[in-house]
2 protein chains.
Amino acid sequence: MLKILIVEDEKPISDLIVMNLTRAGYNCTALYDGESAADMLETNNFDLILLDIMLPKINGYELMEYIRPMNIPVIFITAKASLDDRIKGLTSGAEDYLVKPFEIVELLARINIVLRRYNKTESVLTFKDITVDTDNHIVKKGDTAISLTPKEFELLVVFIRNKNITLFRDRLYELVWPELIYSDELSETRTLDLHIQRLRKKLALKNDLKTIYNAGYRLAE
Amino acid sequence: MLKILIVEDEKPISDLIVMNLTRAGYNCTALYDGESAADMLETNNFDLILLDIMLPKINGYELMEYIRPMNIPVIFITAKASLDDRIKGLTSGAEDYLVKPFEIVELLARINIVLRRYNKTESVLTFKDITVDTDNHIVKKGDTAISLTPKEFELLVVFIRNKNITLFRDRLYELVWPELIYSDELSETRTLDLHIQRLRKKLALKNDLKTIYNAGYRLAE
DNA sequence: CCTCTTTGTATCAAAATTGTTTCAAAAAAT
DNA sequence: ATTTTTTGAAACAATTTTGATACAAAGAGG
């Protein structure tokens with residue numbers, strides 16, 4: 001399980017982030033000032049840090065100097081929407097930044113991108129009793145191996161990486177059938193439905209992989 | 001909750017705005033001159049600013065110069081109905097303007113449009129114990145998920161985004177059934193009533209979603 | 001009260017969307 | 001080159017959603 005450190009002094013925002021990241025399958029640690037973050041980083045290992053700029057005691061930029069040698073990706077969270085801050089944030093070594101208030105979906109997307117860039121995406125994904133080893137292309141349900149075709153595999157990975165999130169049809173085509181998005185009419189083909197069907201059958205996901213009528217699908221716990 | 005800053009020196013008007021925006025679910029801050037507005041903007045983050053042109057100390061145009069780099073949408077409020085002012089307001093970077101005296105409904109509509117344009121609409125809406133996650137198409141009453149059809153969902157979102165406001169029948173058809181507004185007779189169909197009925201039943205809104213006879217409906221707290 | 005207008009409800013068929021089967025082309029493996 | 005596997009198109013079935021119709025109930029105004 002990937003570990004994310006959230007350093008944000010506004011409790012409601014911090015809580016919101018923690019709640020959503022936990023649900024998305026990350027191990028979260030929330031701290032409310034730069035000093036305790038520095039302490040925590042002494043002894044613990046994190047895969048990603050979400051860092052507010054305005055913090056009590058040690059501010060985000062100062063903490064950044066401390067983090068840089070550790071080679072942990074950082075996404076800045078900033079309340080100030082000024083361009084200056086954006087530039088400063090990125091040049092100080094952050095991987096990305098978000099301006100408050102932001103959409104949770106946006107945050108999750110950024111985290112995904114940054115983790116992938118750092119090769120910190122976990123190679124073994126899980127959903128309930130399903131295990132997906134992305135390095136070796138092995139899928140297990142319980143102890144029995146399930147053989148999936150490449151497209152089925154890709155689709156499953158997308159769903160598990162985005163569990164509890166509704167993936168709209170367009171989005172799924174974008175992610176799994178990028179070659180098709182420029183073709184004429186996606187709505188006239190049953191390709192996605194067909195693969196959903198195959199995943200449901202092979203992995204007995206009838207109740208977990210839900211249809212959201214007129215929207216898409218969601219893998220929910 | 002979206003934060004709106006109201007900079008208006010005429011106290012009665014300011015109060016009226018604050019009252020109505022608060023009721024509509026916005027977090028309001030009212031200030032009465034340009035200088036304190038500039039101070040406030042130093043440290044706080046807003047999603048939208050309502051700005052009077054004629055202000056003590058620093059006037060609206062001057063303040064606008066200060067706001068522009070922050071990338072916060074501004075709606076000008078002006079007592080002068082002269083064309084000059086209209087042009088100046090828009091070219092100075094405002095998103096929209098309103099001429100006093102204006103209808104509150106008009107103001108709310110403009111705010112909605114501007115916020116949508118800036119992607120600042122909240123993705124999670126609430127009304128009492130009802131939660132609507134517009135990104136994920138999930139509706140909950142308390143902790144139990146309620147499944148709504150697409151039209152029901154749209155209608156509910158419209159009501160929550162316009163809570164405490166009477167939505168006239170025409171307006172509702174305009175917002176949820178835009179494809180029908182060019183057809184002949186809306187009054188001969190029971191479509192809207194039917195969907196109201198379904199929402200009331202599914203979400204137990206009998207007392208909250210009120211019928212305004214000969215007008216429309218209102219979702220009231 | 002009675003009448004007219006407006007709103008609420010039940011029923012049901014049409015329309016839209018999703019699920020399933022079959023099968024041939026494309027890709028991969030042998 | 002041949003066999004096997006994967007993929008997705010086409011046709012069709014099932015399901016869900018939607019709104020028309022018809023009628024009942026409620027409100028407004030005399």
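Letters go in sequence order (proteins before strands), and every chain restarts at 1. Just so it is clear, the model here is predicted, and its values are computed rather than measured.
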Sequence-aligned protein contact record of nucleotides 3-14 of chain D, with B where the base is within under 4.0 Å of a protein heavy atom and S where only the sugar-phosphate is
---SBBB-B---
Whole angstrom is fine here: how far is it from [atom1] in [X] over to [atom2] in [N]?
X: B:Leu192; N: D:dT18; atom1: CG; atom2: C1'; answer: 14 Å
X: B:Lys210; N: C:dT7; atom1: NZ; atom2: C1'; answer: 17 Å
X: B:Lys201; N: C:dT9; atom1: NZ; atom2: P; answer: 8 Å
X: B:Asn214; N: D:dG29; atom1: CG; atom2: P; answer: 9 Å
X: A:Asp193; N: C:dT21; atom1: CG; atom2: C1'; answer: 14 Å
X: A:Asn207; N: C:dG19; atom1: CG; atom2: P; answer: 13 Å

Is it true that [X] and [Y] make a salt bridge, defined as a side-chain N closer than 4.0 Å to a carboxylate O?
X: A:Arg218; Y: A:Asp208; result: no
X: A:Glu152; Y: A:Lys202; result: yes
X: A:Asp129; Y: A:Lys141; result: yes

What does A:Phe153 touch in the nucleic acid at a heavy-atom separation under 4.0 angstrom: a base, only the sugar-phosphate, or nothing?
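If one applies the 4.0 Å heavy-atom cut-off, A:Phe153 turns out to touch nothing in the nucleic acid.
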Side-chain N or O of [X] less than 4.0 angstrom from OP1 or OP2 on [N]?
X: A:Gln197; N: C:dT21; answer: yes
X: B:Thr211; N: C:dG8; answer: yes
X: B:Arg200; N: C:dG8; answer: yes

Has the side chain of B:Tyr213 got a donor or acceptor that lies under 3.5 Å from a partner of the other kind on the base of C:dT5?
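Indeed, a donor on one side and an acceptor on the other fall under 3.5 Å apart.
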Taking all heavy atoms of A:Tyr26 and all of A:Ile111, pick out the closest pair and write down the distance.
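Closest pair (atom of A:Tyr26, atom of A:Ile111, distance): OH-CG2, 3.7 Å.
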Carefully, step by step, assess B:Leu2 and B:Asn27 under the rule side chain to side chain contact (heavy atoms under 4.5 Å, CB included).
CA-CA 6 Å; B:Leu2 294 173; B:Asn27 176 343; over 6 Å; no
Quick one: salt bridge (charged side-chain N to carboxylate O under 4.0 Å, His left out) partners of A:Lys163, sequence neighbours excluded?
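By the salt bridge (charged side-chain N to carboxylate O under 4.0 Å, His left out) rule, A:Lys163 matches no residue at all.
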